[in-house]
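Here's the structure, in structure tokens; my notes come after.
This one's a predicted model, so the numbers in the text were calculated from it and none came from an experiment.
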Amino acid sequence: MRWSNLFVPTLRDAPGDAEAVSHKLLVRGGFIRQLHAGHYSMLPLGWRVHEKVADIVRDEMNLIGGQEFLLPAMHPKSLWEASGRWQTMGDEMFRLEDRSGTEVGLGMTHEEVFASIALELNSYKALPQIWYQIQWKFRDEPRPKAGLLRVREFAMKDSYSLDIDYAGLDASFDKHHDAYLRIFERLDLDAMPVEASSGAMGGAGSIEFMVASPSGEDDVVRCPNCDYRANIERATSAIDVVIDSSGPDAPEKFATPGIRTIKALEEAGAPASSQMKTMVMVLDGAITLAVVRGDHQLNMQKLQDITGAIDIRPATPDETIEHLGASPGSLGAVGVSADITILADRSLQGRSNLTTGANEDDWHWRGVDIERDVKVSEWVDLREVSAGEHCPKCKTPLEIVRAIEAGHIFKLGTKYSEALGAHVLDADGEKQTIVMGSYGIGIGRNMAAIAETHADEKGLVWPVAVAPFEVVVTVMKIDDEATMGAAEKIYADLLAAGIDALIDDRDARAGVKFADSELIGIPFRVTVGPRGITNGQVEFTTRETMETAEVAVGEIVQTAITAVTQAR
RNA sequence: CGGGAAGUGGCCUAGUUCGGCUAAGGCGCCUGCUUUGGGAGCAGGAGAUCGAGAGUUCGAAUCUCUCCUUCCCGACCA
């Protein structure tokens, strides 16, 4: 490709509203342009990177026996009604009507469609299968952000495993796990597999692949000593046992005028770790109390996962007063109506002599023995891990890092195959519901994650495997015949050797060419100028280190080929 | 959806507080000359319904109202 013919609108300044490194650099480098919130145009450079990422994913999927499909992006309402997700997906699904008034939805993922195709499988002999596609997904995200990191329209590789039983699912899941690790290695992403919540997908278990980055949207709990890693939505920790001093035989009500916070109550003499914090939640319309220790934080996702609730929100002040009789700040779970479910965090199990709100403004209880005085419906893990708490495996203090979700794999089970009636006959002639897994990687998001983690003050530093071009031949003086002739020959030889080369034949100043090539992050640069050519020399610069070596014209092609092939 | 910020040539900004000449500057773009190994210099030039609509006023980028859009935090989210 000749730069003089290539559309690369580089910018000296990033748009004012860009914050994330990848967003700024992908826009400045002429890779992407925003059309509107959450929708980006891929410019030629961006599309090259995107497709190189996609090809790596495709390659690894094929290596585990995946078969590539391409399914429609627009789906009939009936299909999503069959799985129940027409209802449960809520506002996140784009929905529209065709001219005849038939309702359709834009696919957010393709479990239903693949399951419907799986109806044509009849025998266990056909299993297992791994089916995948790289297709555009549409999600009406409430808040698109950070350039390509969170968008409403994006290409995703989604694959689905079809097995006769759960042992088969485990094997397919492990294949994907390994394939994903290889993909991230080839993308030069340091992705941590972590235990994750399965959210709206349902299913028996899931693993997220997380890339640490300040632009990420998830928190990952990580042990610096052992291999423990978990999404904060799933993470647990070991905490010090609190020994309670003996309390009274029955709770005592005491006046706490004006005290509305844990902190204020602590100043009044009740340590936060000896308080019960009562959160009034509404789960699918039902009032539920979530009780955690005063110094702990409730994790809503844990609550949702445990209860399986679809709609979950804090109660409004009016609802709180209606059901508990007091305002937030004086709430407690002692003596509440028996029809209210009380979920308590396990860290409170066995605790006594606790302080909590009395459901009467300005009054609290002390001396509460939780097992004696509170009708706990279920002991569960509700609390959010904090940094510095101890690793559940090795007791080392934990750290929490922001991370980008680069991939997510699920053991789905039979939710979709059951709903759509996808089953096969086993060796005994018995009907078996197909056991499914689903596995996703967002292509554009991975591209952004790479940009996020491969940049310096000059711009992007793409890994060779996904760089828009592998080598740029920078011509210092295009009207110097010897220089241009030598550059053209090097360029042609590189192309002939299968190197993805670009020749910067623009009539521009050296500084502009250098700055542009560094901004767009081409891994290697061959600089050809009259100064060196008269001595038979060119320069070879490695973007990552910015080290430059003088190389004889006769050797430069081999030098570049070696560098590229080693890094691929 | 709650909170905050912002919309001025392709990009970055000034101007808005306290209304007043033809809306200013930098980058980029076009032409010419010079320059030619790190985003050049000089000269000339094109390019803006100041997010949209309504209103107040002799006069609106500036004040008022409504709407739209975008960004950030939270909620939400495979």
OP1 or OP2 of B:G38 versus the side-chain N and O atoms of A:R509: is any pair under 4.0 Å? no
Rounded C1' spacing from B:G26 to B:G20 in Å: 27 Å
Just checking, is any N or O donor in the side chain of A:K24 or A:S22 under 3.5 Å from an acceptor N or O on the other one? no
Between A:K145 and B:C73, does any side-chain N or O lie under 4.0 Å from OP1 or OP2? yes
Separation of the P atoms in B:C76 and B:C29, to the nearest angstrom: 47 Å
Among the candidates B:C72, B:U70, B:A75, find the nucleotide nearest to the side-chain atoms of A:H36. B:U70
Closest approach to the side chain of A:D17, judged atom by atom: which nucleotide of B:G38, B:U70, B:A75 is it? B:U70
On the six-membered ring of A:W80, is A:R95 placed so that its NZ or CZ lies under 6.0 angstrom from the centre and within 45° of the ring axis? no
Tell me which nucleotide among B:G38, B:A75, B:C12 gets nearest to the side chain of A:D13. B:C12
What nucleotide among B:G28, B:G37, B:A75 has an atom nearest to a side-chain atom of A:R143? B:A75
B:G9 and B:G2: how far apart are their P atoms, nearest whole angstrom? 30 Å
Strictly distance-based, threshold 3.5 Å: is any side-chain N or O of A:K277 a donor or acceptor partner for the main-chain N or O of A:V291? no
